[in-house]
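What you see is a predicted model, and the numbers here were worked out from it, not measured in a lab.
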Amino acid sequence: MFLITPNVSLVNETLESFLIRLCQVNGFESYRTMALVIRDWMYDNDFEAAGAWPLVLAQANIFHANHSSGFRVRAFKLLDSLFSDSTSSVLERCLLNSATLFSSKISSVSYQNTFIPQLFIRRKGIPVCPECLKENACIPILWHIEPYQVCHHHQCELISHCPSCNRQLNYVESEQIKKCECGYDLCSMEKLHSQSNALKLSQYFAGEKVNGLPDGLDISERLGIILWFYKRYPNVNSYDANAIVEYFSQWPNVYIDELNAISEHAIDRQIKPFNHTDFNLIFGELLSSCRKLPYRNPEQNIIQQASIDYLTKLVDQSPKGKTSNLADLKLNIIEVSGVLSTSVEQVYRLVEEGYLQLAIRLKIRERLPPFKGAFYLRQVIELRQSQTPLPQSKQITYLPSW
């Protein structure tokens with residue numbers, strides 16, 4: 001059995017788009033028809049892979065599979081062997097499961113070594129650019145990312161609804177790339193010009209250098225800081241490009257000014273001594289929200305770097321005295337791991353080895369609760385300043401591995 005390979009398309013084409021084009025070029029009426037034929041062939045070659053082969057296009061991507069994801073990888077490798085000529089691997093077009101988490105326990109998927117928060121993956125409709133469809137009958141992965149709302153190639157808005165029937169466009173459900181379910185030709189849609197800031201944001205997600213937005217970041221880092229922005233400022237309208245561009249065009253001054261205002265407010269409204277006050281009661285999720293975006297080391301996490309720089313300066317300007325100050329706030333173990341740019345497990349080990357002193361007393365055989373303030377900010381910052389990263393790694397290692 002052999003399959004005709006579709007013409008060469010975009011490098012970043014989605015798996016669903018490729019499978020639809022594979023159906024069309026081989027003369028199958030629908031994806032399910034092709035999937036049943038391929039599954040029958042797999043039964044004769046690899047029974048386990050055949051059981052993991054997806055029969056529904058919407059569930060074809062590997063990240064939809066839970067326990068059978070390994071077998072599904074094997075199934076796509078078998079699919080590669082059916083192509084009549086050499087082609088890139090189908091796996092390169094898949095969204096893969098990823099153990100990498102963005103802060104606040106937000107899971108991610110991986111596409112060609114780029115980590116994408118699952119919150120950003122469009123679930124219902126997939127908007128399209130009519131100009132792109134005229135050039136290539138395929139769907140790029142960027143159209144699946146919700147904050148990406150403008151085509152950065154043609155500088156026009158992505159269109160989410162059919163002008164004829166007003167139905168939300170979703171090529172995965174209709175299995176038609178250039179046409180709506182009603183038969184309307186999407187290439188004939190009128191081009192809608194975009195706002196300048198929305199275009200800047202889309203160019204930023206595409207990896208281009210954009211004036212006014214943080215430079216030197218890979219796409220995973222850029223998605224991370226946008227995710228952090230929406231989590232920190234939930235009152236901002238969903239994917240408001242104007243708010244994002246305006247905020248990060250003033251980075252990091254706008255962030256430092258906000259933290260200064262929080263510090264001044266805490267001093268004015270102080271109720272109990274700062275050495276008996278938890279850090280998160282004043283600064284909220286300042287440290288826990290930026291621990292991994294998706295990287296832990298500050299060199300790849302500008303939010304964490306700005307936060308640590310501010311807290312370091314705060315400690316330097318607040319020397320220890322008879323009266324406690326903001327440098328004596330108590331951090332929990334998750335916040336300590338954020339300041340030290342290390343794992344929670346290593347923080348526990350730092351306590352056991354005596355590198356970190358507890359600010360509270362534990363009962364015999366009591367394990368330190370992860371969300372209880374137990375370390376003074378001053379001591380944690382001083383421990384960080386006493387260490388330097390290894391030459392081979394940007395991450396600080398305080399203790400050797402077991």
Side-chain angles (χ1 to χ4, degrees), residues 1-100 107-116 118 121-126 128 136-141 143-145 169-181:
M1 177 180 175
F2 291 99
L3 293 173
I4 301 174
T5 309
N7 295 330
V8 177
S9 62
L10 296 176
V11 178
N12 59 350
E13 182 184 14
T14 65
L15 173 68
E16 294 87 351
S17 173
F18 175 79
L19 292 176
I20 290 174
R21 296 195 305 116
L22 184 64
C23 289
Q24 295 172 347
V25 77
N26 285 278
F28 291 102
E29 294 182 356
S30 65
Y31 169 78
R32 183 172 180 82
T33 303
M34 182 185 73
L36 290 171
V37 173
I38 294 176
R39 188 185 66 173
D40 292 341
W41 174 82
M42 286 186 179
Y43 270 127
D44 298 331
N45 293 271
D46 191 323
F47 183 81
E48 292 176 328
W53 177 254
L55 298 179
V56 181
L57 182 61
Q59 298 296 321
N61 242 309
I62 289 180
F63 84 98
H64 290 300
N66 294 322
H67 302 293
S68 62
S69 58
F71 291 139
R72 187 166 295 188
V73 169
R74 190 192 304 176
F76 282 127
K77 289 181 178 180
L78 285 174
L79 178 62
D80 287 337
S81 67
L82 294 179
F83 296 135
S84 57
D85 56 355
S86 60
T87 184
S88 59
S89 171
V90 176
L91 285 176
E92 294 179 2
R93 300 180 173 91
C94 292
L95 284 171
L96 306 176
N97 290 306
S98 173
T100 299
S107 57
S108 68
V109 293
S110 174
Y111 182 84
Q112 298 181 2
N113 296 323
T114 295
F115 299 108
I116 306 172
Q118 285 209 24
I121 300 297
R122 287 188 165 102
R123 302 292 182 180
K124 297 180 180 179
I126 310 297
V128 299
N136 293 295
C138 57
I139 306 295
I141 187 64
W143 294 359
H144 280 252
I145 300 178
L169 299 177
N170 191 334
Y171 76 98
V172 178
E173 293 181 356
S174 65
E175 298 186 13
Q176 294 287 335
I177 294 178
K178 284 191 171 185
K179 291 185 178 181
C180 174
E181 292 184 65

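From L95, atom CG reaches atom CD1 of I62 across 9.5 Å, with rounding to the nearest 0.5 Å. The line from OG of S17 to CD1 of I126 is 11.0 Å long, rounded to the nearest 0.5 Å. Remark: S174 OG to I20 CD1 distance equals 6.5 Å, nearest 0.5 Å. Here the CD1-CZ distance, from I139 to F18, works out to 14.5 Å after rounding to the nearest 0.5 Å. Taken from CZ in R72 to NE2 in H64, the straight-line distance is 8.5 Å, to the nearest 0.5 Å.
If you check the side chains of E29 and T33, you find no donor sitting under 3.5 Å from an acceptor.
Side-chain atoms of N26 come within 3.5 Å of backbone N or O of I4 as a donor-acceptor pair. Within the 3.5 Å criterion, the main-chain N or O of S30 finds no donor-acceptor partner in the side chain of E175. Side-chain N or O atoms of Q112 include one that pairs as donor or acceptor with a backbone N or O of E92 at under 3.5 Å. Distance alone, capped at 3.5 Å, places no donor-acceptor pair between the N61 side chain and the E16 backbone.
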field: Step-by-step side-chain contact (heavy atoms from CB on, under 4.5 Å) determination, R123 to Q118
entry: CA-CA 10 Å; R123 302 292 182 180; Q118 285 209 24; 3.2 Å; yes
field: Residue pair V37, D40: steps toward the side-chain contact (heavy atoms from CB on, under 4.5 Å) verdict
entry: CA-CA 5 Å; V37 173; D40 292 341; 5.7 Å; no
message: Under the criterion side-chain contact (heavy atoms from CB on, under 4.5 Å), I'd like the reasoning laid out for L78 against W53: C-alpha separation, chi angles, the key distance, then a yes or no.
response: CA-CA 10 Å; L78 285 174; W53 177 254; over 6 Å; no
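Here the closest heavy-atom approach between residue A49 and residue M42 is recorded as O-SD, 4.2 Å. Residues F83 and V90 come closest through the heavy atom pair CE1-CG2, 3.8 Å. F76 approaches A60 most closely through the heavy-atom pair CZ-O, 3.6 Å. Contact detail for L19 and M34: the closest heavy-atom pair is O-CE, 4.0 Å. Contact record, R21 with C138: NE-CB, 4.0 Å, taken as the closest heavy-atom pair. Closest non-hydrogen pair, L3 versus I38, comes out as CD1-CD1, 4.1 Å.
With a 6.0 Å radius and a threshold of 12 heavy atoms from other residues, nucleotides or ligands, K178 has its NZ atom above the threshold.
Two residues are said to be in side-chain contact when any heavy atoms from C-beta on lie closer than 4.5 Å; L91 and K77 meet this criterion.
Residues satisfying the side-chain hydrogen bond (donor to acceptor under 3.5 Å, both in side chains) criterion with Y171, sequence neighbours excluded, are T14, H144.
The only option from I141, L15, L96 that meets the side-chain contact (heavy atoms from CB on, under 4.5 Å) definition with Y111 turns out to be I141.
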